[in-house]
There are 2 protein chains.
Amino acid sequence: MSKDERTLYFPKASLDRLKIYRRLLTETDSEYISSEDIANKLGINPELVRKDLSYINYKGKPKVGYHVQSLLDELNELFGLKKTTNVIIVGAGHLGRALANFKGFSKYGIKIVGIFDNDPQKINQFVGELVVLPLDYINRVVRRFNVEIGTICVPEEAAQKIADLLVQNGIKAIWNFAPVKLEVSEDIIVVDEDISQSLLTIKHLLERKQLEKAGEK
Amino acid sequence: MSKDERTLYFPKASLDRLKIYRRLLTETDSEYISSEDIANKLGINPELVRKDLSYINYKGKPKVGYHVQSLLDELNELFGLKKTTNVIIVGAGHLGRALANFKGFSKYGIKIVGIFDNDPQKINQFVGELVVLPLDYINRVVRRFNVEIGTICVPEEAAQKIADLLVQNGIKAIWNFAPVKLEVSEDIIVVDEDISQSLLTIKHLLERKQLEKAGEK
DNA sequence: TATTTAACGTTATTTTTTTCACGATTTAAT
DNA sequence: ATTAAATCGTGAAAAAAATAACGTTAAATA
Ligand SMILES: NC(=O)c1ccc[n+]([C@@H]2O[C@H](COP(=O)([O-])OP(=O)(O)OC[C@H]3O[C@@H](n4cnc5c(N)ncnc54)[C@H](O)[C@@H]3O)[C@@H](O)[C@H]2O)c1
Ligand SMILES: NC(=O)c1ccc[n+]([C@@H]2O[C@H](COP(=O)([O-])OP(=O)(O)OC[C@H]3O[C@@H](n4cnc5c(N)ncnc54)[C@H](O)[C@@H]3O)[C@@H](O)[C@H]2O)c1
C-alpha cells in the first residue's frame, strides 16, 4: 500500500472506530485527550487508537495528547460533516416519520428534503415541515435538491422495487431499513440498518453469559 | 482454544455473518443452498461461509450443500429465536413508538411488554396495545414479565440516567438508541444502535468514491 | 457397480489487524 | 539548564482472520 493510498483507504474496523472516537470527542469537555483516555473509555488499547489516528495523518502532542477540538474538526472533515447533504425518505410509516422528525441529523450535515409514500391516505399529510409526496415526485425532488442518498422505510416486500426506483432516479447511496438484501448494481452504495439484527446479538450474548455462568459452577 | 470453547466463542465477525446468513436463508425458497450461493449473494468467498458454519458445528452435504430449513433452525437456536424474550422500552417518543408498534419483532421471539415515559402528557396514552406508563412502574413490569432487555429511546441527555435506572431494576442488557457511550458495570450488555452513525459511513463512502473517480482521470 | 463430479471440511498459507516495544518529543520540575 | 515524566509515533512481533489448497464424501451417471 502506498503512502498516498493510505489516506484514502484503511481498515474498515478503523473507520468504525474513528466514528466512535468522533462521538466520544463531542462528549468531551477538556482541551486535550490522550490515546489512553480514549482507549479506556472504549475498552480497547491505546496503541490502536494511535494507529487509527495515524491513518488519517493526525498528529498529537507528546506528553499532552490530542487537541480535542482540532481532532474533532479533522474527523468531521473526514466524514464530510461540514457540508450539507440532502436526503429523501421513501415510506412515511412509523419509522419513516420518526426519521423525518428527528432533529439530530442536522449535526451530521444531513437534511431531509422529501418523504414519499404510495398510500393515498398518507399523501399530502404533514410530517414535521414536510408534506408526504407520491412516488412520481421523487425524480423532481432528486434533481431539484441534488439528492444522492435515499432512505428505504417501506415494508420488506416493497423494498427491492423501491431500491430500483431510487437507482433509476439517480440515487447513489441507499440507507436501507428493510430487513432484506437489496440487489443493486456495483456502483451503488447500500448501507443496511437492520435494527432487528441487534436483537440477535443481544439474545446471543445473554445466552452465552448464562452458559458461562453455568460453566463456572 | 479447546473444541468445547469453540462452540461457545468464535470471532465477532463470524457472528455477524451468521446473522446475515440467517436472514438470507429466510429469503431462500430452494431446499438446499451451497456455500458458493451464499457467498455470491453476499460478495464474500465460499470458504469463509464454510468456516463460519464449522464454528457452529453444522455439517453440509457434499455435492448438495446445506439444507436450508435445518440450517435455519440451527441458527435460530443459536440466536435464541425460539424462545420468547420480553423487552421494555423507555421513551415513548417518535422512535420508541415506532419500535413498540413494529410487528416484525415477533419473528425474533421478541415481545414488547412495556413502554415508559416521564412526560405526564404521554403517560396513559395508547401505543399499539400498550399503555405508556410512568418510570416507577418499571420495577413491577420487569418482575412480572421477567424482563432482561431494556431499550433506551430517550434524548441523549437522559440516556445515562435511564441506563442506571434500568440496571437498578434488574435489567441485564440495554439496547441503546441514544447517541452516547453509556457507563455501566462490566456485567451489563450494552448494544448501541446509533442510527446516525451510518450516515457517516455513507457520506464517507460517497466522498471516497468521488475521490477515486477523480483519481482515475 | 465403477466412475465422475460437485461441494463439503479442514489443514496450510497468506494477509490483515492488533499488540508490543521502544526511541523521540514535549512539558514540567528541580 | 538538566532531569524526569508522560505520551506520542512507528516498526517489529504476534495474533487473528481470510483465502487457498486439497483430500473426502455423497450423489449422479454410465
Ligand atoms: N418500526 C420499526 O421499529 C422497525 C424496526 C425494524 C425494522 N423496520 C423496518 O422498517 C421498514 C418500515 O417499518 P415501519 O414500521 O415504518 O412500517 P410501516 O408499516 O409503519 O410503514 C411503511 C410505510 O411504507 C408505505 N409503503 C408500502 N409500500 C410502499 C410502496 N411500494 N411505495 C411507497 N410506500 C410504500 C406504507 O404506506 C407505509 O406508510 C420495514 O421494512 C420494517 O421491516 C421497522
Ligand atoms: N427519531 C429518530 O429517527 C432517531 C434517529 C437517531 C437517533 N435517535 C435517538 O433516539 C432517541 C429518541 O429519539 P426520538 O426521536 O424518539 O425522540 P423524541 O423526542 O421523539 O422522544 C423522546 C421521548 O423520551 C421522553 N423522555 C425524555 N426524558 C425522559 C426521561 N428522563 N425519562 C423518561 N422519558 C423521557 C420524552 O418525553 C419523549 O417522549 C434519542 O436519543 C435520539 O437521539 C432518534
Side-chain angles (χ1 to χ4, degrees), chain A residues 1-21 24-25 28 30-72 74-75, chain B residues 1-21 24-25 28 30-72 74-75 78 208:
Chain A
M1 193 194 291
S2 81
K3 196 86 187 176
D4 252 37
E5 272 174 85
R6 196 177 279 176
T7 58
L8 192 61
Y9 176 78
F10 46 79
K12 169 91 173 60
S14 293
L15 187 73
D16 285 341
R17 280 191 302 271
L18 286 168
K19 290 193 287 180
I20 298 173
Y21 303 158
L24 196 69
L25 293 175
T28 303
S30 54
E31 196 180 351
Y32 285 90
I33 191 168
S34 71
S35 58
E36 196 165 349
D37 290 345
I38 297 177
N40 284 156
K41 296 219 182 189
L42 300 178
I44 59 180
N45 52 353
E47 292 83 359
L48 189 53
V49 175
R50 297 208 291 275
K51 184 141 283 183
D52 286 339
L53 294 178
S54 81
Y55 286 128
I56 62 169
N57 246 309
Y58 185 83
K59 306 282 182 193
K61 269 193 192 173
K63 177 97 188 209
V64 212
Y66 300 94
H67 188 256
V68 173
Q69 191 52 54
S70 90
L71 177 51
L72 192 51
E74 189 75 22
L75 289 171
Chain B
M1 192 194 291
S2 81
K3 196 85 186 179
D4 252 38
E5 271 174 89
R6 196 178 280 176
T7 59
L8 193 60
Y9 177 77
F10 45 79
K12 168 95 172 61
S14 292
L15 188 73
D16 285 340
R17 279 191 302 271
L18 286 169
K19 292 193 284 181
I20 298 172
Y21 303 158
L24 196 69
L25 292 176
T28 302
S30 54
E31 195 180 350
Y32 285 91
I33 191 168
S34 70
S35 58
E36 195 166 350
D37 290 345
I38 297 177
N40 284 155
K41 294 218 183 189
L42 301 177
I44 60 181
N45 52 353
E47 291 82 0
L48 190 52
V49 175
R50 298 207 290 273
K51 179 147 283 182
D52 287 338
L53 293 179
S54 81
Y55 286 127
I56 61 168
N57 246 307
Y58 184 83
K59 306 283 181 193
K61 272 193 191 174
K63 177 100 187 200
V64 213
Y66 299 94
H67 188 256
V68 173
Q69 190 52 53
S70 89
L71 177 51
L72 192 52
E74 189 75 22
L75 290 171
L78 176 73
R208 196 157 90 192

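Within every chain, numbering begins at 1; the chains are lettered A, B, ... in the order of the sequence lines, protein sequences first and strands thereafter. Atoms considered below: every heavy atom in the structure, side chains included; atoms not considered: hydrogens, waters and symmetry mates.
The base of D:dT7 lies outside donor-acceptor range of the side chain of A:Lys63, with no N or O pair under 3.5 Å.
A donor-acceptor contact shorter than 3.5 Å is absent between the side chain of B:Thr28 and the backbone of B:Ser30.
Positionally, the nearest nucleotide of DNA chain D for A:Val64 lies more toward the 5' end than for the other of A:Val64 and B:Ile44.
Using a 4.0 Å heavy-atom criterion, one finds that A:Lys51 contacts the bases of the nucleic acid, with or without backbone contacts as well.
A:Tyr58 has its OH atom 14 Å from the C1' atom of D:dT7, to the nearest Å. Separating the CD atom of B:Glu47 from the P atom of C:dC8 is a distance of 10 Å, rounded to the nearest angstrom. Counting to the nearest Å, the C1' atom of C:dT19 and the CG atom of A:Leu42 are 17 Å from each other. As a whole-Å value, the separation of A:Phe10 CZ from C:dT18 C1' is 16 Å. Atom CG in A:Leu18 sits about 11 Å away from atom P in C:dT18, given to the nearest Å. Per the geometry, CD1 belonging to A:Ile38 stands 11 Å off P belonging to D:dG9, to the nearest Å. If you take CG of A:Asn40 and P of D:dT7, they are 11 Å apart, rounded to a whole angstrom. Remark: C1' of C:dT16 and CG of A:Leu15 are 16 Å apart, rounded to the nearest angstrom.
Not one side-chain nitrogen or oxygen of B:Asn45 sits closer than 4.0 Å to the OP1 or OP2 atom of D:dA18. A sub-4.0 Å separation between OP1 or OP2 of D:dA27 and a side-chain N or O of B:Lys61 is present. At C:dT27, none of the side-chain N or O atoms of A:Tyr32 fall inside 4.0 Å of OP1 or OP2 (strictly under the cut-off). Considering only side-chain N and O atoms, A:Arg50 lies under 4.0 angstrom from the phosphate OP1 or OP2 of D:dC8. Within the 4.0 Å cut-off from OP1 or OP2 of D:dT7, not a single side-chain nitrogen or oxygen of A:Ser35 is found.
Partner of B:Tyr55 under the side-chain contact (heavy atoms from CB on, under 4.5 Å) criterion, out of B:Asp52, B:Asn57, B:Leu53: B:Asp52 alone.
Set against D:dT19, C:dT18, D:dT7, the side chain of A:Leu48 has C:dT18 as its closest nucleotide. Side-chain proximity of A:Lys59 to D:dG9, D:dT7, C:dG9: nearest is D:dG9. Proximity note for A:Arg17 (side chain, C-beta onward) versus C:dC8, C:dT18, D:dA18: the nearest is C:dT18.
Using a 4.0 Å cut-off between charged side-chain N and carboxylate O, B:Lys12 and B:Asp16 make a salt bridge.
Taking NZ of A:Lys61 as the start and NE2 of A:His67 as the end, the distance is 8.0 Å to the nearest 0.5 Å. B:Leu48 contributes atom CG, which lies 10.5 Å from atom OG of B:Ser35 (distance to the nearest 0.5 angstrom).
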